[in-house]
Protein chains: 2
Amino acid sequence: MIKKIRTTPRREASLSRDRIVEASIELLDRNGEAGLTFRALSERLATGPGALYGHIANKDDLLIAACDAIVARTMSECAIGATPQATLRAMALGMFDTIVAHPWVGSALTRALGQLPIVRLLERTGQQVGALGVPEDEQWAAVSALLSYILGVGGQNAVNGQLARARDIDRSTFLEGLSTTWSQLDPQTYPFTRRVAGRLRSHDDRADFLAGFDFILRGIERSSS
Amino acid sequence: MIKKIRTTPRREASLSRDRIVEASIELLDRNGEAGLTFRALSERLATGPGALYGHIANKDDLLIAACDAIVARTMSECAIGATPQATLRAMALGMFDTIVAHPWVGSALTRALGQLPIVRLLERTGQQVGALGVPEDEQWAAVSALLSYILGVGGQNAVNGQLARARDIDRSTFLEGLSTTWSQLDPQTYPFTRRVAGRLRSHDDRADFLAGFDFILRGIERSSS
DNA sequence: ACCTGAACACCGTTCAAGT
DNA sequence: ACCTGAACACCGTTCAAGT
């Protein structure tokens with residue numbers, strides 16, 4: 001007896017939350033936040049848009065789940081340093097780099113208030129701040145400052161990346177344009193902005209990020225000693 | 001001769017960018033980011049959705065313009081202090097309060113990279129950091145740290161506010177829920193989060209914000225002295 | 001029990017037609 | 001020159017019907 005030949009390709013596996021999240025990440029990485037669509041997603045998974053609602057609550061839920069998968073990976077990969085400061089810096093840089101690689105993670109994080117991806121960051125930050133010797137009743141302030149900063153820069157980098165994709169401008173031409181716009185501002189009301197306009201093109205986001213993180217660390221150390 | 005009686009109400013004024021922005025702010029304040037719709041907006045202005053495109057480029061442009069109107073007002077209202085530190089703190093608190101009052105401003109700001117509302121913040125911050133005595137080549141790092149922090153907290157507060165509106169939960173019941181969720185996490189992997197869960201309900205966002213801002217200020221002072 | 005996909009109630013944006 | 005508003009090309013989400 002001859003084996004029956006399939007006319008439609010076999011589905012890789014049955015639909016599951018994990019497969020949906022994995023496919024979402026691919027779509028988000030390829031086309032940014034606009035690339036995640038229930039129609040595109042269901043096509044990729046060879047099903048109908050309605051089927052997805054059996055495994056996820058809605059689009060927000062899906063985006064946060066995708067974000068959490070990426071954050072969990074970053075947390076497990078970034079190094080534990082010799083000192084709490086080093087561990088915190090490694091985590092911060094790890095997040096910076098993943099947001100550069102997956103800009104949509106930056107905007108997803110800002111919308112995940114209190115949810116799992118944020119809790120992962122909160123926990124690691126909290127443990128290291130404790131190890132730093134900050135008294136218990138000052139730990140929350142320190143942790144929320146560090147986290148707010150990471151999320152703030154992350155959000156900026158997200159725009160950076162999505163803007164770069166939207167118009168398919170490369171980063172340096174965008175900065176070039178911003179630099180000329182800023183240098184044409186009124187010198188009376190915008191002296192500082194005009195002054196930094198020139199240096200905009202050559203600056204290093206990653207170094208600036210780390211410098212800012214170190215300001216906060218130093219401020220924390222100073223206040224608890 | 002009898003005056004002709006109008007059958008439709010007279011338009012207040014002809015369509016203009018300012019009137020559109022003003023109406024947008026009212027819609028955003030009333031119903032959040034979801035409330036700003038070209039249909040709702042054109043109805044409010046007694047015109048068709050297409051007419052708006054004569055005065056604004058697209059929805060993003062409109063949102064940033066509305067955001068800038070609010071930020072400009074805040075900048076002009078917040079006090080100039082006796083010291084650069086005091087002025088910076090007043091500006092930061094002014095932004096915090098306006099974002100609490102207009103949560104959509106928080107998310108609009110994050111998407112306004114390099115645009116007018118950001119430039120207003122950048123300029124004032126830069127001038128005060130200069131007055132603080134930070135050497136020229138370290139000013140950019142200090143300014144971008146302070147700004148990233150403000151934008152980071154602003155983004156969080158925006159979610160806070162929009163989340164409160166979406167489900168019409170009040171803030172304390174939301175924190176209550178988060179507090180119980182966090183306190184049920186695995187004690188082995190989430191000791192810090194569990195520990196702070198209890199204090200979540202009673203904490204003061206505004207005080208935390210200021211404490212974090214002061215960490216950065218202290219870090220800046222320390223590194224440049 | 002789970003999937004399917006047409007249908008619903010929306011969006012932002014465009015553009016021929018009007019004034 | 002400017003406004004009008006139907007039309008276009010999409011969304012997220014639902015739900016009767018299928019298997």
Side-chain angles (χ1 to χ4, degrees), chain A residues 4 6-24 27-28 30-67 104 107-108 111 162-163 165-167, chain B residues 4 6-25 27-28 30-67 104 107-108 111-112 162-163 165-167:
Chain A
K4 194 165 65 174
R6 290 190 175 275
T7 54
T8 56
R10 192 195 212 284
R11 275 235 298 275
E12 310 289 315
S14 72
L15 214 50
S16 73
R17 190 170 222 267
D18 280 354
R19 282 193 66 231
I20 294 173
V21 167
E22 182 202 352
S24 300
L27 285 176
L28 287 161
R30 187 185 335 261
N31 300 316
E33 213 154 344
L36 182 60
T37 282
F38 280 83
R39 281 165 183 82
L41 191 55
S42 62
E43 193 181 352
R44 203 172 186 22
L45 293 165
T47 181
L52 303 170
Y53 285 85
H55 301 88
I56 54 152
N58 52 44
K59 194 175 176 177
D60 250 39
D61 176 40
L62 179 55
L63 190 65
I64 291 175
C67 173
W104 56 271
S107 36
R111 273 178 268 157
Q162 306 201 339
L163 196 129
R165 193 197 317 278
R167 341 176 195 168
Chain B
K4 195 165 61 171
R6 289 189 175 275
T7 54
T8 56
R10 192 192 210 285
R11 275 236 298 276
E12 311 290 313
S14 71
L15 215 49
S16 72
R17 191 169 221 267
D18 280 354
R19 281 194 68 230
I20 294 173
V21 167
E22 181 201 353
S24 300
I25 291 173
L27 285 176
L28 287 161
R30 189 186 333 265
N31 300 317
E33 212 154 343
L36 182 60
T37 283
F38 280 84
R39 281 166 183 82
L41 190 56
S42 61
E43 193 181 351
R44 202 172 188 20
L45 293 166
T47 181
L52 303 170
Y53 285 85
H55 301 88
I56 54 153
N58 53 42
K59 193 175 176 175
D60 251 38
D61 177 40
L62 179 56
L63 192 64
I64 291 174
C67 173
W104 56 272
S107 36
R111 274 178 267 155
Q162 305 200 341
L163 195 129
R165 193 196 317 276
R167 342 177 196 166

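The sequence lines fix the lettering, A, B, ..., with proteins before strands; numbering per chain opens at 1.
In terms of modelled atom types and a separation under 3.5 Å, the side chain of A:Ser16 and the main chain of A:Arg19 share a donor-acceptor contact. In this structure a side-chain-to-backbone donor-acceptor pair under 3.5 Å is present from B:Lys59 to B:Leu36.
With the nearest nucleotide of DNA chain C identified for both A:Arg39 and A:His55, A:His55 has the one nearer the 5' end.
Looking at the side chain of B:Thr47, the nearest of the listed nucleotides D:dA6, C:dT4, D:dT4 is D:dT4. If you check C:dT13, D:dT13, C:dT4 against the side chain of B:Phe38, the one that comes closest is C:dT13. Each of D:dC3, C:dC11, D:dT14 was ranked by its minimum atom distance to the side chain of B:Lys59; first place goes to C:dC11.
Between A:Leu41 atom CG and D:dT13 atom P the separation is 12 Å, expressed in whole Å. Protein atom CG of B:Leu15 is 19 Å distant from nucleotide atom P of C:dT19, rounded to whole Å. Rounded to a whole Å, the OH atom of A:Tyr53 is 17 Å from the P atom of C:dC8. In this entry the distance linking CG of B:Leu52 with P of D:dT4 reads 10 Å, nearest Å. B:Glu43 places its CD atom 13 Å from the P atom of D:dT4, with the value rounded to the nearest Å. Atom-to-atom, CD1 of A:Ile20 to P of C:dC2 comes out at 13 Å; the value is rounded to the nearest Å. Atom CG of B:Leu63 is separated from atom P of C:dC11 by 16 Å (rounded to the nearest Å). The CD1-P distance, from B:Ile56 to C:dT14, rounds to 11 Å in whole Å.
None of B:Leu27, B:Asn31, B:Leu28 except one satisfies the side chain to side chain contact (heavy atoms under 4.5 Å, CB included) rule with B:Trp104; the exception is B:Leu28.
The partner of D:dC3 cannot be assigned: no Watson-Crick or G-U wobble pair with both contacts below 3.5 Å exists in any strand. Shown here, D:dA9 forms no base pair; nothing in the strands shown gives a Watson-Crick or G-U wobble contact with both key distances under 3.5 Å. In this structure, D:dA17 makes no Watson-Crick or G-U wobble pair, since no nucleotide meets both defining distances under 3.5 angstrom.
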Exercise. Could you go step by step and tell me if B:Leu41 and B:Leu62 meet the side-chain contact (heavy atoms from CB on, under 4.5 Å) rule?
Worked result: CA-CA 11 Å; B:Leu41 190 56; B:Leu62 179 56; 3.6 Å; yes

For this session: Begin from the C-alpha positions of B:Leu163 and A:Arg111 and carry the test side-chain contact (heavy atoms from CB on, under 4.5 Å) through to its verdict.
Result: CA-CA 9 Å; B:Leu163 195 129; A:Arg111 273 178 268 157; over 6 Å; no

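At the heavy-atom level, B:Leu62 lies nowhere under 4.0 Å from the strands shown. In this structure, B:Thr37 reaches the sugar-phosphate backbone alone: every heavy-atom distance under 4.0 Å involves primed, P, OP1 or OP2 atoms, never a base. If you check every strand for non-hydrogen atoms under 4.0 Å, A:Leu36 touches sugar and phosphate atoms only. In this structure, B:Gly50 reaches the bases: a heavy-atom distance under 4.0 Å links it to at least one base atom across the strands shown.
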